[in-house]
Amino acid sequence: MKPIIFFATLLTLSLVGYRSGTPPTMHGKVYDQQTGTAIAGVFITVEGALATTQTDSLGRYAISAAIGQFLVFSHTGYEAKRIKVGNKNPLDVPLNPSQVSAVETMMTGYGTQHRMALVGNTGGIRIRGIADATYSPLMILPQSVNTESYKRIAENHFSDPLDAPLSTFAIDVDAASYSNFRRFIHNGQLPPADAVRIEEMINYFQYELASPTGGEPVAIHTELATAPWNPKHHLLRIGLKAKSVPADKLPASNLVFLIDVSGSMMGSNRLPLAQASMKLLVDQLRGNDHVAIVTYAGSADVVLESTPASQKIAIKDAIDALHASGSTAGGAGLQLAYRIARQHFIKDGNNRVILASDGDFNVGPSSDNEMEQLIAKERQSGVSLSVLGFGMGNLKDSKMELLANKGHGNYAYIDNITEARKAMITEFGGTLFTVAKDVKVQVEFNPYKVQAYRLLGYENRLLEKEDFNNDEKLGGDMGVGHTVTALYEIVPAGVESAYPGDVDPLKYQSAKDRRTVGNSREVATVKFRYKDPDGAKSRLQQVAVADTPVALASASMDFRFASAVAELGMLLRNSDFKQQADYDQLIARAKGAKGKDDEGYRAEFIRLAENAKLLAQSDGLAVQNY
């Protein structure tokens, strides 16, 4: 990426920010005032806004900040600098090397989160824990590097229903991928492809669906229309809507806040944001709810025994007293939190551990396999696990998603206080109170009508066809008022298409006859299986999808908006199946389908899509590889 393109793009982003009424994207370069060389890894915060970023390998940065706010620039070995935002943009910042003559520093390792680099003139620094160490004025100090991790996504391909008539997956109500994508865009970067989970992008938004009737916990809805990125194809939308329950009718809660207070949680968008989020949740709890607090760093500790939620001041005081330091014994913290939850278990209640962390475990059980085994053992107790992810640069997204999926819970990434409000207040019931567990979907496609089909997203939630009827296999959970959307792209039978692709005729089997199979009036049958929150045996619902596609312009507003989100996801992933996907058309469609948007989430999506388009046009600006 050439510097001219970098700064031109960020200037355009700034102008978009001014036009939309949002804080503009400030950008520039941070350099050593004495040598003029760029400084990588400078930590930049917006005072009072919890927005943060770091400079890249060329010293460049981008961050949303309004005129009159203050930016704080800090880096080991340099004097911190505080600058008021004005009209100057780009804003280049020189930092002075620190001239401290004698400093005692405790260096704590966090797995691969830190690397060693020569920085600054630090005089004589002594390292606690290393006897009689003497060092020259040029001292080796830790410097942050990016160690974020994302699970590899093998994108779903098109399938021929003659060969694979069934598509089976566990539902997913997580929305972490969307808020993580937003964090990247706000920092002037495109997200890595494996950070983009299309189903989580789509399900970040609420959709208007009719609630279930007849005592059922979930209702199924379907809609079929033209695919936006290929007019010859169809797009099938499957929508699930969980029942709503008044707050005063919700069961009592036995909650254990498990808060990571290790050194990796330092920084305003980590522990302080986690504390603010938990206090928002405390404000929603009732007198019959209880909260305990467990923390972990080098070891796990109980800092607040199970306490009635009516004692909100005591709970908040315990949260405010937390500070970050030390290594990360996440496994021990989980074991202790589950033990506390079991000790105060409420029959027919909401028993849940809520983990707030960056997922960077490095002491005791820490691998994904070890975590999966630990959670598999603990979930038999009836205690669920919800996960709140925080931080940047070392976020272990793959581990956080695994914990929530295996722990009968949900995973949210909290990048700012607005997202915390959405998770803890706006969607309080859906986040904490389950109405249907082990929810699975299986779709049977009619070969008479369907030449090929492809599920958009849900790659990490796919199941074998036999798993649908196996109650031992986990599905996803739906909370109060939750909506879940899944999209299938369909190639109608008889349409000339490159999908699913050609293979040579089989030598030992006769060709299957598409014309003799199926019902001519149905495209597919959607089956839905779930258990009651305290049940062990699943129940089945199903609905047929009629072959009555409508033009995209005649589809519902929610259909058009969800398709725009999916289209953006394919572009961000550079999907092999994006076909005629286009930023301009998805942005225009999202604008036309914004509808009622009291919280402003859809308007925000449109701005993010516009900024993503600009970043994509600038030759892959700051795309991260993990």
Side-chain angles (χ1 to χ4, degrees), residues 16 19-20 22 155-156 172-182 184-186 190-191 193 195-209 221-239 422 454-458 483-490 549-617:
V16 170
R19 288 197 302 267
S20 64
T22 59
E155 189 174 30
N156 292 330
D172 190 357
V173 297
D174 296 344
S177 182
Y178 182 85
S179 48
N180 194 27
F181 144 74
R182 177 177 59 207
F184 275 100
I185 298 300
H186 282 169
L190 291 173
V196 180
R197 295 186 287 273
I198 291 177
E199 73 280 6
E200 294 187 17
M201 299 277 287
I202 296 170
N203 286 316
Y204 181 83
F205 302 92
Q206 289 291 311
Y207 301 102
E208 291 296 325
L209 295 171
H221 302 273
T222 64
E223 191 173 4
L224 187 65
T226 304
W229 45 85
N230 189 333
K232 295 181 180 180
H233 294 183
H234 295 157
L235 194 64
L236 169 63
R237 175 195 177 205
I238 299 172
K422 179 177 185 286
R454 187 176 89 88
L455 174 62
L456 277 66
Y458 291 95
T483 61
V484 174
T485 294
L487 298 177
Y488 280 93
E489 184 175 354
I490 294 174
V550 300
L552 181 61
S554 300
S556 70
M557 198 172 294
D558 281 347
F559 183 103
R560 287 179 282 130
F561 187 84
S563 71
V565 180
E567 189 168 357
L568 176 63
M570 288 194 292
L571 288 170
L572 292 172
R573 290 191 51 77
N574 193 26
S575 168
D576 290 338
F577 307 103
K578 63 181 183 293
Q579 300 165 76
Q580 300 166 37
D582 176 78
Y583 280 100
D584 288 332
Q585 73 176 14
L586 79 86
I587 291 168
R589 190 162 68 258
K591 288 180 177 178
K594 186 174 71 170
K596 185 179 179 181
D597 187 31
D598 292 339
E599 297 288 343
Y601 298 132
R602 296 192 179 194
E604 179 188 53
F605 168 81
I606 294 167
R607 293 193 295 270
L608 291 171
E610 290 172 338
N611 287 349
K613 171 191 170 184
L614 294 172
L615 291 170
Q617 288 175 339

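Keep in mind that this is a model prediction, so the values were computed, not measured.
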How far apart are the closest heavy atoms of [X] and [Y], and which atoms are they?
| X | Y | answer |
| --- | --- | --- |
| A566 | I202 | CB-CD1, 3.9 Å |
| D174 | D172 | N-OD1, 2.9 Å |
| V196 | G569 | CG1-O, 3.9 Å |
| A555 | R560 | O-NE, 3.3 Å |
| S563 | R589 | OG-NE, 2.9 Å |
| Y583 | A616 | OH-CB, 3.7 Å |

Q. Does E489 have any salt bridge (charged side-chain N to carboxylate O under 4.0 Å, His left out) partners at least two apart in sequence or in another chain, and if so, which?
A.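 E489 satisfies salt bridge (charged side-chain N to carboxylate O under 4.0 Å, His left out) with no other residue.
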Hey, what do you get for [atom1] ([X]) to [atom2] ([Y]), rounding to the nearest 0.5 Å?
| X | Y | atom1 | atom2 | value |
| --- | --- | --- | --- | --- |
| L568 | L608 | CG | CG | 8.5 Å |
| R573 | R197 | CZ | CZ | 10.0 Å |
| I185 | L614 | CD1 | CG | 10.0 Å |
| E200 | S179 | CD | OG | 8.5 Å |
| Y488 | L456 | OH | CG | 10.0 Å |
| N230 | L235 | CG | CG | 11.0 Å |

Q: Let me see the working for E208 and K596 under salt bridge (charged side-chain N to carboxylate O under 4.0 Å, His left out), right down to the final yes or no.
A: CA-CA 10 Å; E208 291 296 325; K596 185 179 179 181; over 6 Å; no
Taking side-chain contact (heavy atoms from CB on, under 4.5 Å) as the definition, give me every residue that meets it alongside [X], ordered by chain and number, with sequence neighbours left out.
| X | answer |
| --- | --- |
| D584 | D582, K613 |
| K578 | M570, L571, N574, S575, A581 |
| A590 | F561, A564, F605, I606 |
| T226 | P231, L552 |

Taking the side chain as C-beta and beyond, is there a heavy-atom pair between [X] and [Y] under 4.5 Å?
| X | Y | value |
| --- | --- | --- |
| T483 | V173 | no |
| E199 | L487 | no |
| K422 | Y204 | yes |
| E610 | K591 | yes |
| I238 | L236 | yes |
| N156 | F577 | no |
| Q206 | E599 | no |
| H233 | Q579 | yes |

**Q.** Sole residue of D558, V565, N203 in side-chain contact (heavy atoms from CB on, under 4.5 Å) with T485
**A.**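 Between T485 and the candidates, side-chain contact (heavy atoms from CB on, under 4.5 Å) is satisfied uniquely by N203.
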Q) Side chains of R237 and Y207: donor-acceptor distance under 3.5 Å anywhere? A)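 No, because no side-chain N or O of R237 sits under 3.5 Å from a partner of the opposite role on Y207.
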Q | Between Q585 and E567: side-chain donor-acceptor atoms closer than 3.5 Å | A |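 The criterion, which ignores hydrogens and geometry beyond distance, is satisfied for E567 and Q585.
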Q. Are the aromatic ring centres of Y178 and F181 under 6.0 angstrom apart?
A.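 Yes - the distance between ring centres of Y178 and F181 falls below the 6.0 Å cut-off.
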Q.
Looking at D597 and R602, would you say the former's side chain and the latter's main chain have a donor-acceptor pair under 3.5 Å?
A.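 Yes; judged by distance alone, with no hydrogens or angles, the pair exists.
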Q) If you look only at pairs with a residue in residues 224-234, which of them pass as a salt bridge (charged side-chain N to carboxylate O under 4.0 Å, His left out), with sequence neighbours excluded? A)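 Qualifying pairs: none.
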